[in-house]
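Source: prediction; values computed, not measured. The basis for the numbers below is simple: all heavy atoms, side chains too, and nothing from hydrogens, waters or symmetry mates.
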Amino acid sequence: MTTLRRPMRLLQPLFRPSGRHALRRCLATVLPMAMLSLLAAGPVTAQEATPRTWFTGWLGGFADIGGFSEEGPNAFYRFDGAFSFGAGVHRALGQSGPVVGVDVLLSKANYERFARSAGAPEGSGEARILSALASTRLEGGGLLGFYLSAGAGVFAWDLDDPDLEDGYDFDPALQLAAGLEYRLQARLRLFADYGQWWVFHEKDPTIVSNTANHNLVRVGVRLGL
């Protein structure tokens, strides 16, 4: 698969109209649960050893999935915002070093199909989405710490359009995120972050760019062993 290597803008609109509803619904569900956990738990004690292995679970929403073009059906696919969930496992490299591991993501999103020649919508459907990334995270110290994360791997689409081949279409992907992490206990943490994705869909010679840009907001929990 030929990948697009043109530089893309790092900053995209955080909330487009198509993604606002899904994002509000996700945050309205998970944020009250996170606040209740914060009130019920005690702070981290200095005597507790910091675990080296961390398991992560999260809920979130794509505020903006963007879209891509397909040369075969001569169509452009534009996606709505979508609820998502995922998990990961990471290992700390030393007491103050980064953590490295893998993250996986599952999601479903509605899409509209547009005829590129006329620019008018000609259909709609549902897409299954999955992703697997090798990732690393740099963490700050303190009870409430700032962190940066980065990942590289694959982002896969499975659209129910009969004009496309059945099965998942795998594309290379990069991800950058920044967030805050609250250390409830030595082995329990809550976090929230915002990430930017670049998914390099196969190049279409009739357009300048076929890179899909996604904005993902997540809240979740980390358990240390």
Report yes if the side chains of [X] and [Y] come closer than 4.5 Å at any heavy-atom pair, otherwise no.
X: L223; Y: W54; answer: no
X: L105; Y: L216; answer: yes
X: V104; Y: L106; answer: no
X: V221; Y: F191; answer: no

Looking only at heavy atoms, which two atoms of [X] and [Y] are closest? And how far apart?
X: S84; Y: S107; answer: OG-OG, 3.0 Å
X: N215; Y: Q196; answer: OD1-OE1, 2.8 Å
X: S69; Y: F76; answer: N-CD1, 3.9 Å

**Study point:** Same apolar cluster (I L V M F W Y, side chains within < 4.5 Å links), F55/L184
**Key:** no
Working to the nearest 0.5 Å, report the span between [atom1] of [X] and [atom2] of [Y].
X: R113; Y: D163; atom1: CZ; atom2: CG; answer: 4.5 Å
X: N110; Y: R78; atom1: CG; atom2: CZ; answer: 12.5 Å
X: D166; Y: D160; atom1: CG; atom2: CG; answer: 10.5 Å
X: T211; Y: D171; atom1: OG1; atom2: CG; answer: 9.5 Å
X: E165; Y: D158; atom1: CD; atom2: CG; answer: 11.5 Å
X: L164; Y: E70; atom1: CG; atom2: CD; answer: 5.5 Å

Flag for [Y]-[X]: side-chain donor and acceptor within less than 3.5 Å:
X: W197; Y: N213; value: no
X: H90; Y: S135; value: yes
X: H214; Y: Q175; value: no
X: D161; Y: Y77; value: yes

Review point. Can a salt bridge be assigned to the pair R189 and E139 using a cut-off of 4.0 Å between side-chain N and carboxylate O?
Key: yes
Check your understanding: Quick one: do R128 and E126 make a salt bridge, cutoff under 4.0 Å?
Key -> no
Point to revise | Qualifying residue, where the test is ring-ring contact (aromatic ring centres under 6.0 Å, His included) with F68 and the options are F155, W157, F200, Y111 | key: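 Passing option: W157.
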Check your understanding: Between W58 and R222, is there a cation-pi geometry (under 6.0 Å to ring centre, at most 45° from the normal)?
Key ->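 Ring-cation test returns no.
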Exercise for review: Just jot down the side-chain contact (heavy atoms from CB on, under 4.5 Å) partners of A109, sequence neighbours excluded, or say none.
Suggested key: I65, F79, A82, I129
Cut-off 3.5 Å, no hydrogens considered: what does the side-chain donor-acceptor table look like for residues 143-154, sequence neighbours left out?
unit_1: Y147; atom_1: OH; unit_2: D193; atom_2: OD2; d: 2.8

**Study point:** Short side-chain to backbone donor-acceptor contact, T136 and V99, under 3.5 Å
**Key:** yes
